[in-house]
Undergrad: 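Here's a structure for you.
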Amino acid sequence: MSISRVSRHVVKKVLAIEQSEGAGARVRRSIGSMNLRNLTPFLMLDHFRIGKGAGFPDHPHRGQATVTYMLQGSSRHEDSAGHKGTIVAGGVQWMCAGKGIIHAEMPVHDEGHPEPVGFQLWVDLPKEFKLVDPSYQELGPEGIPTAYPEGPNGPVSIKVISGKSHGVESPVRPLGGCWFFHVKFDKKGTFFQDIPAGWTTFAYVFKGGVSVDEDSTRLEAFNTLVFSSEPDQSGVSITALDDETELILVAGEPLDQTVFQYGPFVMTTKEEIQKTLLDYQLGRNGFEKAHTWKSEIGNK
């Protein structure tokens with residue numbers, strides 16, 4: 001017996017306006033902006049383009065996961081736990097900050113390298129994982145599997161950064177449910193992505209235009225589309241209205257917890273934020289190197 005496919009529909013559309021962020025970076029922020037505050041479990045979505053001399057020098061995190069996915073160019077990273085590396089185009093870093101870490105993210109602007117462009121998504125951690133030890137999951141482009149809903153010669157391919165799509169599963173294992181797909185349409189076409197019932201789901205279109213479900217309304221690039229989450233809706237149907245359309249499709253299990261955020265610190269109560277600030281000030285409970293460690297890449 002086949003399960004009927006019922007698509008979610010768009011309940012909110014937010015245009016991401018380009019703005020300055022950090023030391024000279026240009027960012028289109030949707031989730032986390034005034035127009036789209038916390039969309040549990042998602043805290044922030046940035047579509048970034050980093051010019052020469054720009055970057056994100058040493059800074060702390062606690063209580064969230066940060067997901068960096070590069071579309072073009074590459075970015076170096078380094079942290080207070082001794083971890084360092086480079087995220088290349090088509091690669092992802094899934095960093096669980098847990099109880100605390102200090103790190104730097106600096107783009108590569110070597111001669112012959114394209115300007116770094118990509119996404120950073122902040123995902124809230126379930127409260128039981130807020131104070132775990134920091135951890136990383138990193139995949140180069142060759143490590144991210146691809147699904148082809150209509151076969152390799154079909155109009156659409158889906159890079160499965162996390163989660164499952166059309167029988168293909170990513171090796172990334174987030175703390176808390178989160179599926180992340182990079183969807184590319186070579187030609188106009190339609191695909192249906194199964195998504196667990198009740199999960200928060202959004203798409204961000206960054207090239208071309210789409211329509212959703214049976215609504216023919218054209219939705220342009222740089223819009224974040226928040227979808228409905230009725231119990232009978234088993235996924236989402238997306239149609240590319242242009243050749244070479246691209247988008248990210250992200251879904252996550254909503255968290256029944258309060259969000260208290262102070263910059264890069266995300267906890268569930270005001271008291272936990274106050275304790276985090278004290279831990280950082282005193283260099284303890286995950287921030288032991290807060291006042292002694294300096295990255296090489298962020299202090300050149």
Undergrad: If I take atom CG from residue D232 and atom OG from residue S4, how far apart are they, to the nearest 0.5 angstrom?
TA: 8.0 Å
Undergrad: Any link between W199 and V236 through a network of hydrophobic side chains (Ile, Leu, Val, Met, Phe, Trp, Tyr) touching at under 4.5 Å?
TA: yes
Undergrad: Indicate the atoms forming the closest heavy-atom contact of K130 with L125, along with that distance.
TA: CE-O, 3.2 Å
Undergrad: Between F227 and H9 (judged by ring centroids, cut-off 6.0 Å), do the two rings come close enough to count as a pair?
TA: no
Undergrad: Pair L249, F191 - check side chain to side chain contact (heavy atoms under 4.5 Å, CB included), show working.
TA: CA-CA 12 Å; L249 176 62; F191 87 107; 4.2 Å; yes
Undergrad: Go through it in stages, so that I can follow the logic: the residues are S229 and T201, the test is side chain to side chain contact (heavy atoms under 4.5 Å, CB included), and I'd like the CA-CA distance, side-chain angles, deciding distance and then a yes or no.
TA: CA-CA 8 Å; S229 58; T201 311; over 6 Å; no
Undergrad: Have D79 and Y136 got a donor and an acceptor in their side chains that come within less than 3.5 Å?
TA: yes
Undergrad: Above 12 or not: heavy atoms from other molecules or residues under 6.0 Å from CZ of R26?
TA: yes
Undergrad: Have T268 and E272 got a donor and an acceptor in their side chains that come within less than 3.5 Å?
TA: yes
Undergrad: With no hydrogens and no angle check, do the side chains of T68 and Q120 hold a donor and an acceptor under 3.5 Å apart?
TA: yes
Undergrad: For the pair R76 and D110, find out whether any cationic side-chain nitrogen is under 4.0 Å from an anionic carboxylate oxygen.
TA: yes
Undergrad: Is there a donor in the side chain of Q257 and an acceptor in the side chain of D124, or the other way round, less than 3.5 Å apart?
TA: yes
Undergrad: Which heavy atom of S228 sits nearest a heavy atom of R8, and at what distance?
TA: O-CG, 3.0 Å
Undergrad: Tell me whether R62 forms a cation-pi arrangement with F265, defined as NZ or CZ under 6.0 Å from the six-membered ring centre and within 45 degrees of its axis.
TA: no
Undergrad: Determine, using ring centers only, whether H103 and H61 are less than 6.0 Å apart.
TA: yes
Undergrad: Does a donor on one side chain sit under 3.5 Å from an acceptor on the other, for S237 and S7?
TA: no
Undergrad: Which residues satisfy the salt bridge (charged side-chain N to carboxylate O under 4.0 Å, His left out) test with D133, sequence neighbours excluded?
TA: K99
Undergrad: Provide the closest heavy-atom pair for P141 versus A89 in the form atom of the first, atom of the second, distance.
TA: CG-O, 3.5 Å
Undergrad: Can you tell me if K184 uses its side chain to pair, donor with acceptor, with the backbone of K159 under 3.5 Å?
TA: no
Undergrad: Do D215 and T217 have a side chain donor and acceptor closer than 3.5 Å?
TA: yes
Undergrad: Give a yes or no answer on whether the side chain of E78 reaches the backbone of E296 with a donor-acceptor pair at less than 3.5 Å.
TA: yes
Undergrad: Without swapping roles, check the side chain of R173 against the backbone of S170 for a donor-acceptor pair under 3.5 Å.
TA: yes
Undergrad: Over 60° means perpendicular and under 30° means parallel, so classify the ring planes of F206 and Y204, tilted if in between.
TA: parallel
Undergrad: Does any N or O in the side chain of S162 come within less than 3.5 Å of the main-chain N or O of F180, such that one atom is a donor and the other an acceptor?
TA: yes
Undergrad: Test of understanding: clusters of I, L, V, M, F, W, Y form through side-chain heavy atoms closer than 4.5 Å, transitively. Do W94 and I31 belong to the same one?
TA: yes
Undergrad: Is there a donor-acceptor contact under 3.5 Å from the side chain of Q193 to the main chain of K164?
TA: yes
Undergrad: Heavy-atom distance under 4.5 Å between the side chains of P145 and P171, does that happen here?
TA: yes
Undergrad: For the side chain of D58 and the backbone of S295, is there at least one donor-acceptor N/O pair under 3.5 Å apart?
TA: yes
Undergrad: Is the shortest heavy-atom distance from the side chain of V108 to the side chain of P116 under 4.5 Å?
TA: no
Undergrad: So, does S80 use its side chain to make a donor-acceptor pair with the main chain of K289 at under 3.5 Å?
TA: no
Undergrad: If hydrophobic clusters are built from ILVMFWY residues whose side chains come within less than 4.5 Å, do V212 and I195 share one?
TA: yes
Undergrad: Donor-acceptor pair, H59 side chain versus P57 backbone, under 3.5 Å?
TA: yes
Undergrad: Between F181 and H166, does the ring centroid distance fall short of 6.0 Å?
TA: no
Undergrad: Do T40 and V259 pass the side chain to side chain contact (heavy atoms under 4.5 Å, CB included) test, and can you show the C-alpha distance, the side-chain angles, and the key distance before you say yes or no?
TA: CA-CA 9 Å; T40 181; V259 174; over 6 Å; no
Undergrad: Kindly say whether G263 contributes a backbone atom to a donor-acceptor pair with the side chain of Q261 at under 3.5 angstrom?
TA: yes
Undergrad: Whether D46 and R29 form a salt bridge (side-chain N of Lys/Arg under 4.0 Å from carboxylate O of Asp/Glu) is what I want to check.
TA: yes
Undergrad: Using 30° and 60° as the class limits, which term best fits the ring planes of H291 and Y280: parallel, tilted or perpendicular?
TA: tilted
Undergrad: Tell me if the CD atom of E271 is crowded by more than 12 foreign heavy atoms within 6.0 Å.
TA: yes
Undergrad: Can you name the nearest heavy-atom pair linking H109 to I50, along with the distance?
TA: NE2-O, 2.9 Å
Undergrad: For F202 and F42, run ring-ring contact (aromatic ring centres under 6.0 Å, His included): C-alpha distance rounded to whole Å, both residues' side-chain angles, the deciding distance at 0.1 Å, then the answer.
TA: CA-CA 10 Å; F202 72 88; F42 306 112; 5.2 Å; yes
Undergrad: I'd like to check L139 versus V172 (side-chain heavy atoms, cut-off strictly below 4.5 Å). Are they in contact?
TA: yes
Undergrad: Should the pair R218-D242 be classified as a salt bridge under the 4.0 Å nitrogen-to-oxygen rule?
TA: yes
Undergrad: Looking only at heavy atoms, what is the nearest atom pair of A54 and A25, with distance?
TA: CB-N, 3.6 Å
Undergrad: Test side chain to side chain contact (heavy atoms under 4.5 Å, CB included) on V10 and V226; report intermediate values, then the result.
TA: CA-CA 6 Å; V10 177; V226 181; over 6 Å; no
Undergrad: For a quick test of reading the model, state the closest non-hydrogen atom pair linking V6 to F192 and the distance between them.
TA: O-CZ, 3.9 Å
Undergrad: Tell me whether the count of non-hydrogen atoms from other residues, nucleotides or ligands lying under 6.0 Å of NZ in K275 goes above 12.
TA: yes
Undergrad: Hydrogens and angles aside, do Q93 and Q137 bring a side-chain donor and acceptor to less than 3.5 Å of each other?
TA: no
Undergrad: Report yes or no: does R28 contribute a side-chain atom to a donor-acceptor pair with the main-chain N or O of A16 at less than 3.5 Å?
TA: yes
